[in-house]
Asks: 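The structure under discussion is supplied below as structure tokens; questions concerning it will follow.
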2 protein chains.
Amino acid sequence: MARRSSTPLSAEFHSLGQETAITLLRAADSVRRHFTAVLEPFGVTLQQYNVLRILRGAGPDGLPTLTISERMMEKTPGVTRLLDRLEKRGWVARERDSEDRRRVWVKITRDGLELLRQLDEPIDRADEECVESLSDREQAQVVRALRKL
Amino acid sequence: MARRSSTPLSAEFHSLGQETAITLLRAADSVRRHFTAVLEPFGVTLQQYNVLRILRGAGPDGLPTLTISERMMEKTPGVTRLLDRLEKRGWVARERDSEDRRRVWVKITRDGLELLRQLDEPIDRADEECVESLSDREQAQVVRALRKL
DNA sequence: AGCCTTTAGTTGACCAGTCATCTAATTGTG
DNA sequence: CACAATTAGATGACTGGTCAACTAAAGGCT
């Protein structure tokens, strides 16, 4: 059952597992930096962008706060404060549910939608660029493997 | 030169590039969570652990702050404050260079080394565990591809 | 020597993520 | 109906990452 530690590809590492983990973390950092650089001129962070995308996808009623935090796989406190900032910038609006007054519905505003519209093209480009040093074959291999994590 | 957007493997995505980028970010999060869970009982964070590993590798003289921040590929201010916390816990010591008094040498303490000693085994295990759902072949594919980023 | 530039590192302000705790509203059960 | 348990979300305190501005010490040049 337990796998013996396998030989790494590079002498820099103890084991193949270590090499995979660290290479993965580094690669993800590189991708994150790439997106951050695209968003930075617009004054949006990657997480803020993610929330706005989720809200655009959710349609005109928006979503309750907890649903957003589930979709982002993030803890609620972080999301609450992220929404505070998005609300202050006028990109989202919050409204308490009149039926269940614990619940807060969050929806993207006209300004938020306009921001996303401006970002759609640059982000599509960034999606390609940040992994452009990999062939389609390599990308497919990576996706198929990493999906298992 | 410019690559046309390639077909994603899953309908969830617009393009293969997007699918690769997002899958990569998610996988890295999973790995990060795995390591964090191992370190948490010891009261160390992943970044703190990284610094301690770098300092152990550097030998008894330690390293200047800026060198540490280069090796971590991180901005200096963050490292300064990380070191503040490590110093407060007694895991590192700082000493101003008597030749060049701008420079601060940071070295790991006996307590810091003892902490790492206790962590060596669990971390080696975590290196394997966090990617154990991939075969050696898949890991090698992933490493070879992601090294290009 | 005097001054300008560069280098090493710190500090302040902000965004983000996590944990623990808290409030308020709702639901479930006797 | 009343009261406990659950749920939605907010708040405080801390770690961490980034940018901009700052201090202090070297180094270089006239």
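Letters A, B, ... mirror the listed sequences (proteins, then strands); counts begin at 1.
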Asks: Mapping A/L82 and A/S98 to their closest nucleotides on DNA chain C, which lands nearer the 5' end?
Replies: A/L82

Asks: Counting only heavy atoms and a strict 4.0 angstrom limit, can you tell me which residues of residues 106-120 of chain A come near DNA chain C?
Replies: none

Asks: Once you round it to whole Å, what is the distance between P of C/dA20 and NZ of A/K75?
Replies: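 Distance, rounded to whole Å: 10 Å.
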
Asks: Charged N to carboxylate O below 4.0 Å: is that the case for A/K148 and B/E138?
Replies: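 Here A/K148 pairs with B/E138 in a salt bridge, since their nearest N and O are under 4.0 Å apart.
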
Asks: Under 4.0 Å from a heavy atom of chain B: give me the 5'-most and 3'-most nucleotides of DNA chain D that qualify.
Replies: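 Range of nucleotides within reach of chain B: D/dT15 to D/dA26.
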
Asks: Using residues 40-58 of chain B as the side-chain source, report each donor-acceptor pair under 3.5 Å to any protein atom, sequence neighbours left out, with the distance given to one decimal.
Replies:
| from | atom 1 | to | atom 2 | distance (Å) |
| --- | --- | --- | --- | --- |
| B/T45 | OG1 | B/Q48 | N | 3.2 |
| B/Q48 | OE1 | B/T45 | N | 3.2 |
| B/Y49 | OH | B/R53 | NH1 | 2.7 |
| B/R56 | NH1 | B/D120 | OD1 | 3.4 |
| B/R56 | NH1 | B/D120 | OD2 | 3.0 |
| B/R56 | NH2 | B/D120 | OD1 | 3.0 |

Asks: Between A/R96 and A/V104 (side chain of the first, backbone of the second, donor and acceptor by atom type, cut-off under 3.5 Å), is there such a pair?
Replies: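 Looks like no, no N/O pair under 3.5 Å.
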
Asks: Go through the structure and list residues passing side-chain hydrogen bond (donor to acceptor under 3.5 Å, both in side chains) with B/E70, not counting sequence neighbours.
Replies: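 Counting only residues at least two positions away or on another chain, B/E70 forms no side-chain hydrogen bond (donor to acceptor under 3.5 Å, both in side chains).
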
Asks: By nearest heavy atom, map B/R89 and B/G78 onto DNA chain D; which one lands nearer the 5' end?
Replies: B/R89

Asks: Taking the hydrophobic residues Ile, Leu, Val, Met, Phe, Trp and Tyr, and joining any pair whose side-chain heavy atoms are under 4.5 Å apart, which ones share a cluster with A/M73?
Replies: none

Asks: Kindly state which residues belonging to residues 26-61 of chain B come within less than 4.0 angstrom of DNA chain C, counting heavy atoms of the residue only, listed by number.
Replies: none

Asks: State plainly whether the residues B/R147 and A/E19 are in salt-bridge range, i.e. N to O under 4.0 Å.
Replies: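 A salt bridge is present here (some side-chain N lies under 4.0 Å from a carboxylate O).
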
Asks: Just grab all the salt bridge (charged side-chain N to carboxylate O under 4.0 Å, His left out) pairs involving residues 73-92 of chain A, residues at least two apart or on different chains.
Replies: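 Listed once each, the pairs are A/D84-A/R94, A/E87-A/R94.
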
Asks: With sequence neighbours left out, what residues match A/R117 under side-chain hydrogen bond (donor to acceptor under 3.5 Å, both in side chains)?
Replies: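 Scan of A/R117 (side-chain hydrogen bond (donor to acceptor under 3.5 Å, both in side chains), adjacent residues dropped) gives A/E114.
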
Asks: May I have the distance from A/E74 (atom CD) to C/dC19 (atom P), rounded to whole angstrom?
Replies: 12 Å

Asks: If a protein heavy atom is under 4.0 Å from the base, mark B; if only from the sugar-phosphate, S; if neither, -; do that for nucleotides 2-10 of chain C going 5' to 3'.
Replies: -----BSSB

Asks: Going by side-chain hydrogen bond (donor to acceptor under 3.5 Å, both in side chains), name the residues that satisfy it together with B/D29, two or more places apart in sequence or in a different chain.
Replies: none

Asks: Restricting to side-chain contact (heavy atoms from CB on, under 4.5 Å), what partner residues turn up for B/S98, sequence neighbours left out?
Replies: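 Partners of B/S98 by the side-chain contact (heavy atoms from CB on, under 4.5 Å) criterion come out as none, since no residue qualifies.
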
Asks: Could you tell me if A/D136 and B/S6 have a donor-acceptor pair between their side chains, going purely by distance under 3.5 Å?
Replies: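 Yes, a side-chain donor-acceptor pair sits under 3.5 Å.
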
Asks: Under a single-linkage rule joining Ile, Leu, Val, Met, Phe, Trp and Tyr whose side-chain heavy atoms are separated by less than 4.5 Å, which residues share a cluster with B/W105?
Replies: none

Asks: Taking the side chain from B/T20 and the backbone from B/L16, do they hold a donor-acceptor pair closer than 3.5 Å?
Replies: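 Yes, B/T20 side chain to B/L16 backbone: donor-acceptor pair under 3.5 Å.
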
